[in-house]
Peer 1: 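This is the structure, below, for whatever I ask next.
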Amino acid sequence: MIKIFKGNILFTPTPEKFTVIPHGYILVSAGKVKAVYQKLPEEYKNLEIIDYQDKLIIPGMNDLHCHASQYKHVGMAMDKELLPWLENYTFPEEAKFRDIKYSKLIYQKFIKEIWKQGTTRIVVFATVHKESTMQLLNMFIESGLGAYVGKVNMDNNCPDYICETSEDSLKDTEEIIIKYRNKSSLVKPIITPRFAPSCSKGLLAELGNLSQKYGVPVQSHLSENRNEIQWVKELFPKAGCYGDVYKQYGLFGATPTLMAHCSLSTEEEMALMKKNNVLAVHCPTSNLNVGSGLMPIRKFINQGIKLGLGSDLSGGHTPSLMKTMVYAIQTSKIFWANSDKQMDFLTNSEVFYIATKGGGSFFGKVGSFEEGYDFDALIIDDGELNYLDYTLEERLERFIYLGDDRQILHRYVCGNLIKEPVF
């Protein structure tokens, strides 16, 4: 069945510039983009057209790093540095997710919020708890949104009340993989060591084996904080760099891999990421809030490392990828100013590409309106922002900087209209 969508179409096949088609048409067949036209061919003119008139049609947002279990604490404890923040706020909160009723309360609010903000696909950390992780997988399947959901692995250097045994961690992780890897085309499990210090060497090795045995992707944290990096050096003295720890245990590109933050990555580590096709997730709001280093994103772009954006709730204070784009541009301007303008700041098209097609690449052909891509889209009604003679690119920029969820009229995933989740 072919669906035809009409409106002002904007997307970024490449980072260099927007493709802009005013009052254009998108043909969608079986949930995938078949073609985009300025003028609709005669052969399709008798088909029903979903006409969004002067509204904007843009790709959905792809959030590649977020802690679903931390939703309660969004906007709290932002005066703490990373490791004390984990010990005093994050770990006690995550321990509550052994209670399935509590986890449902938080997760349903979390999913509704990311839907509201226009996130159509997301990669999340759950907690160490098997039952509530499976609950989150089920809720995402029910919502119609796309997601990778990871049961967190921690058997080392964490409070007793949230520490697993290696055996339980592996058994529970494998059970989730077997149950959910083929249950949904949109929602799948992902291997999730919290970060290298929280896992024993034996657990890291076995997680690497699991990821390759089942072809499951991997996510974790990398080079976020100076104290964390020094701690990794002490725990893994034979590793060449923090990323090399994951590499030694088969968790750094053997299957598709996300590494969040990378704020303080060395040239050696960046080269290792490039060589192993690891995707770096930029989390600018979190980096600022918990006092981590600011990621020099232009260096990653120049080295050809794949990139995505992450809200990183609740280190990050906003689930909006639009606002995350703004912070990414602003952070890049700090490097531009401090490098005597030698390190170019992000352009609007570059940051939009990272939030859509760049991040979407982790899910497959996602994040663009090119032929064969999944039709993940947002319909933006920016009428109240569009009161003068703005170009379509200017309208999109104004929405990113000034708009909010009230301007997001509809959300589509794989061609399906996704209504507000009800649990």
Side-chain angles (χ1 to χ4, degrees), residues 7-22 24 36 54-64 117-121 280-285 287-288 294-302 304-311 316 318-337 339 341-361 366-370 373 376-405 407-408:
N8 294 310
I9 302 163
L10 300 97
F11 61 108
T12 44
T14 67
E16 287 74 28
K17 65 178 183 178
F18 285 94
T19 292
V20 180
I21 306 174
V36 179
D54 195 41
K55 297 175 180 61
L56 308 180
I57 304 178
I58 64 173
M61 296 293 109
N62 302 296
D63 185 345
L64 295 196
Q117 298 295 340
T119 296
T120 47
R121 309 230 185 181
V281 188
H282 184 26
C283 306
T285 59
N287 293 343
L288 290 164
L294 304 182
M295 179 186 182
I297 194 167
R298 180 60 63 187
K299 287 187 177 182
F300 287 78
I301 292 172
N302 290 344
I305 296 169
K306 295 191 299 183
L307 289 161
L309 289 182
S311 65
T318 173
S320 168
L321 263 285
M322 308 299 172
K323 299 299 174 265
T324 304
M325 280 191 262
V326 173
Y327 278 94
I329 291 173
Q330 292 173 337
T331 299
S332 74
K333 285 185 173 179
I334 294 172
F335 283 100
W336 171 74
S339 67
K341 303 181 181 180
Q342 297 301 305
M343 194 183 299
D344 292 341
F345 55 78
L346 290 174
T347 65
N348 293 329
S349 63
E350 284 178 317
V351 77
F352 191 83
Y353 176 92
I354 293 168
T356 56
K357 188 176 178 180
S361 67
V366 171
S368 184
F369 295 145
E370 297 163 73
Y373 274 68
D376 289 14
L378 303 178
I379 311 302
I380 309 301
D381 183 356
D382 66 332
E384 65 185 41
L385 302 173
N386 178 32
Y387 55 85
L388 289 174
D389 186 22
Y390 300 108
T391 68
L392 290 176
E393 283 190 48
E394 288 169 343
R395 285 172 60 182
L396 177 57
E397 182 178 8
R398 282 173 59 80
F399 166 66
I400 290 170
Y401 274 83
L402 303 176
D404 56 39
D405 60 277
Q407 282 86 44
I408 304 176

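Because the structure is predicted, anything quoted here is derived from the model rather than measured. Sequential numbering from 1 along the given sequence is applied to the chain's residues.
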Peer 1: To the nearest 0.5 Å, what is the distance between CD1 (Ile58) and CG (Leu378)?
Peer 2: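 Spacing of CD1 (Ile58) from CG (Leu378) equals 5.0 Å.
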
Peer 1: Looking at Tyr390, is Arg398 sitting on its ring face, NZ or CZ under 6.0 Å from the six-membered ring centre and within 45 degrees of the normal?
Peer 2: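 The answer is yes; both the distance and angle limits are met.
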
Peer 1: Side-chain contact, heavy-atom cut-off 4.5 Å: Leu288 with Gln330?
Peer 2: no

Peer 1: Do Phe399 and Ile408 come close enough that some side-chain heavy atom pair is under 4.5 Å?
Peer 2: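 Yes; the side chains approach each other to less than 4.5 Å.
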
Peer 1: Could you check if a side-chain atom of Lys341 sits within less than 4.5 angstrom of a side-chain atom of Trp336, using non-hydrogen atoms only?
Peer 2: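 Yes, at least one pair of side-chain atoms sits under 4.5 Å.
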
Peer 1: What distance separates Asn287 CG from Met295 CE, expressed to the nearest 0.5 Å?
Peer 2: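 The CG atom of Asn287 sits 8.5 Å away from the CE atom of Met295.
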
Peer 1: Please examine the side chains of Glu384 and Gln407, heavy atoms only from C-beta on, and report whether any two atoms are closer than 4.5 Å.
Peer 2: yes

Peer 1: Hey, are the side chains of Asp404 and Met322 touching, using non-hydrogen atoms and a 4.5 Å cut-off?
Peer 2: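 A side-chain contact is absent here, since even the closest heavy-atom pair is not under 4.5 Å.
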
Peer 1: Report yes if some heavy atom in the side chain of Leu294 is under 4.5 Å from a heavy atom in the side chain of Phe335; otherwise report no.
Peer 2: yes

Peer 1: Less than 4.5 Å apart, any side-chain heavy atom of Thr120 and any of Val366?
Peer 2: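 Sidechains of Val366 and Thr120: no contact.
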
Peer 1: On a heavy-atom basis, which atom in Ser368 and which in Lys357 lie closest, and how many Å separate them?
Peer 2: CB-CD, 4.1 Å

Peer 1: Is the side chain of Lys333 donor-acceptor paired with the backbone N or O of Phe345 at a distance under 3.5 Å, no angle test?
Peer 2: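 No; judged by distance alone, with no hydrogens or angles, the pair does not exist.
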
Peer 1: Indicate the ring-plane relationship of Phe18 and Phe352, choosing parallel, tilted or perpendicular according to the 30° and 60° boundaries.
Peer 2: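 It falls in the tilted class, 30° to 60°.
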
Peer 1: Do you know which of Lys17, Glu393, Glu397 makes side chain to side chain donor-acceptor pair (under 3.5 Å) with Asn348?
Peer 2: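 Among Lys17, Glu393, Glu397, the one meeting side chain to side chain donor-acceptor pair (under 3.5 Å) with Asn348 is Glu397.
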
Peer 1: Hey, does the side chain of Asn8 reach the backbone of Pro22 with a donor-acceptor pair shorter than 3.5 angstrom?
Peer 2: no

Peer 1: Working to the nearest 0.5 angstrom, can you tell me the gap between Glu394 CD and Asp382 CG?
Peer 2: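 CG of Asp382 is found 12.0 Å from CD of Glu394.
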
Peer 1: Taking all heavy atoms of Tyr327 and all of Thr285, pick out the closest pair and write down the distance.
Peer 2: CD1-CG2, 3.4 Å

Peer 1: Do other residues, nucleotides or ligands put more than 12 heavy atoms under 6.0 Å from Tyr373 OH?
Peer 2: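 Atom OH in Tyr373 is crowded, with more than 12 foreign heavy atoms closer than 6.0 Å.
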
Peer 1: I'd like to know whether Met325 forms a side chain to side chain contact (heavy atoms under 4.5 Å, CB included) with Met61, so could you lay out the CA-CA distance, the side-chain angles of the two residues, the decisive distance to 0.1 Å, and finally the verdict.
Peer 2: CA-CA 10 Å; Met325 280 191 262; Met61 296 293 109; 3.7 Å; yes

Peer 1: For a quick check under 3.5 Å, do Thr14 and Glu16 share a side-chain donor-acceptor pair by atom type?
Peer 2: yes

Peer 1: Is the side chain of Asp376 donor-acceptor paired with the backbone N or O of Gly60 at a distance under 3.5 Å, no angle test?
Peer 2: no

Peer 1: Is there a donor-acceptor pair closer than 3.5 Å between any side-chain N or O of Thr19 and the backbone N or O of Thr12?
Peer 2: no

Peer 1: Which atom names give the shortest non-hydrogen contact between Phe300 and Leu307, and what distance separates them?
Peer 2: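 Of all heavy-atom pairs spanning Phe300 and Leu307, the closest is CB-CD2, 4.0 Å.
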
Peer 1: How long is the straight-line distance from CD1 of Ile400 back to CG of Leu402, given to the nearest 0.5 Å?
Peer 2: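 It is 10.5 Å, given to the nearest 0.5 Å.
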
Peer 1: Under 3.5 Å, side chain of Arg298 to main-chain N/O of Asp344, donor-acceptor pair present?
Peer 2: yes

Peer 1: Where do Pro59 and Phe369 come nearest, in terms of heavy atoms and distance?
Peer 2: N-CZ, 3.4 Å

Peer 1: Hey, does the side chain of Glu350 reach the backbone of Thr347 with a donor-acceptor pair shorter than 3.5 angstrom?
Peer 2: yes

Peer 1: Where do Ile305 and Ala280 come nearest, in terms of heavy atoms and distance?
Peer 2: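 That closest heavy-atom pairing would be CG2-CB, 4.2 Å.
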
Peer 1: Would you say the side chains of Thr318 and Ser320 form a donor-acceptor pair under 3.5 Å?
Peer 2: no

Peer 1: Between CG of Asn386 and CG of Leu392, what distance do you get to the nearest 0.5 Å?
Peer 2: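 Rounded to the nearest 0.5 Å, the CG-CG separation comes to 8.5 Å.
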
Peer 1: Show the nearest heavy-atom pair for residues Lys55 and Ile380, with the distance to one decimal.
Peer 2: CB-O, 3.3 Å

Peer 1: Could you check if a side-chain atom of Val351 sits within less than 4.5 angstrom of a side-chain atom of Leu309, using non-hydrogen atoms only?
Peer 2: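 When only atoms from C-beta onward are counted, Leu309 and Val351 do touch, with a gap below 4.5 Å.
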
Peer 1: Donor-acceptor pair, Thr331 side chain versus Ala328 backbone, under 3.5 Å?
Peer 2: no

Peer 1: Measure the CG-OG distance between Leu64 and Ser361 for me, rounded to the nearest 0.5 Å.
Peer 2: 7.5 Å

